[in-house]
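Single-structure report; data block below.
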Amino acid sequence: MAAIAGGKEEKSAFLESRAGIFMATLRDKLDYLGIIVTMSPLLGLLGTIVGMIGAFSIFNVEAGAPMAITGGIGEALIATATGLCVAILSLCAHSYFAHRMDNMITDMEQCFSALLEAETRRAKS
């Protein structure tokens with residue numbers, strides 16, 4: 001980090017701007033996980049709907065084909081389970097990284113406060 005010249009206000013403003021840039025970078029990466037968490041159940045639901053349409057469209061083609069119907073329902077359930085698995089794993093990862101980001105921000109703010117406090121004490125001496 002470059003040397004910070006100026007008074008306490010300038011140093012505080014510099015540290016706050018650097019912290020803001022750092023936090024924005026961290027939050028930007030977490031947004032991708034948030035999108036995955038939101039989209040994966042929707043994609044699973046879409047797969048369910050497509051599978052159910054396929055299962056029940058059998059009635060138009062072949063009367064009384066129970067194996068064809070259960071295959072479509074099985075496909076629909078697999079799509080739903082896959083979407084939910086992706087969402088659950090992504091939510092776990094998102095929660096973990098959000099917690100780590102909050103801890104990093106807290107540590108950074110404590111470090112900046114200590115730095116400014118040390119600078120104030122040094123200036124008074």
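Side-chain atoms are counted along with the backbone in the values below, which use heavy atoms only and exclude waters and symmetry mates.
- Atom-to-atom distance recorded for Leu45:CG and Ile49:CD1 is 4.0 Å, nearest 0.5 angstrom.
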Report all side-chain donor-acceptor pairs from residues 101-115 shorter than 3.5 Å, counting only partners two or more places apart or in another chain.
residue: Asn103; atom: ND2; partner: His99; partner atom: NE2; Å: 3.3
residue: Thr106; atom: OG1; partner: Asp102; partner atom: O; Å: 2.9
residue: Ser113; atom: OG; partner: Glu109; partner atom: O; Å: 3.0

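- Under the side chain to side chain donor-acceptor pair (under 3.5 Å) criterion, Asp28 pairs with no residue, sequence neighbours left out.
- Residues satisfying the side-chain contact (heavy atoms from CB on, under 4.5 Å) test with Ala87, not counting sequence neighbours, are Ser40, Pro41.
- Residues Val37 make up the rest of the hydrophobic cluster containing Leu91, defined by ILVMFWY side-chain heavy atoms closer than 4.5 Å, directly or through other members.
- Residues Leu30 and Phe22 share a single hydrophobic cluster, defined by chaining ILVMFWY side chains whose heavy atoms lie under 4.5 Å apart.
- The hydrophobic cluster containing Met23 also contains Phe97, counting ILVMFWY residues as joined when their side-chain heavy atoms lie under 4.5 angstrom apart, directly or transitively.
- Follow the hydrophobic side-chain contacts under 4.5 Å out from Leu26 and you reach Leu33 in the same cluster.
- Cluster partners of Leu43, using a side-chain heavy-atom cutoff of under 4.5 Å among ILVMFWY residues and allowing indirect links, are Ile35, Met39.
- Considering NE2 of His94 and CG of Leu89, their distance stands at 14.5 Å, rounded to 0.5 Å.
- Atoms CZ and CD, on Arg121 and Glu119 in that order, are 12.5 Å from each other to the nearest 0.5 Å.
- The hydrophobic cluster analysis finds Leu84 isolated: no Ile, Leu, Val, Met, Phe, Trp or Tyr side chain comes under 4.5 Å of it, directly or through other members.
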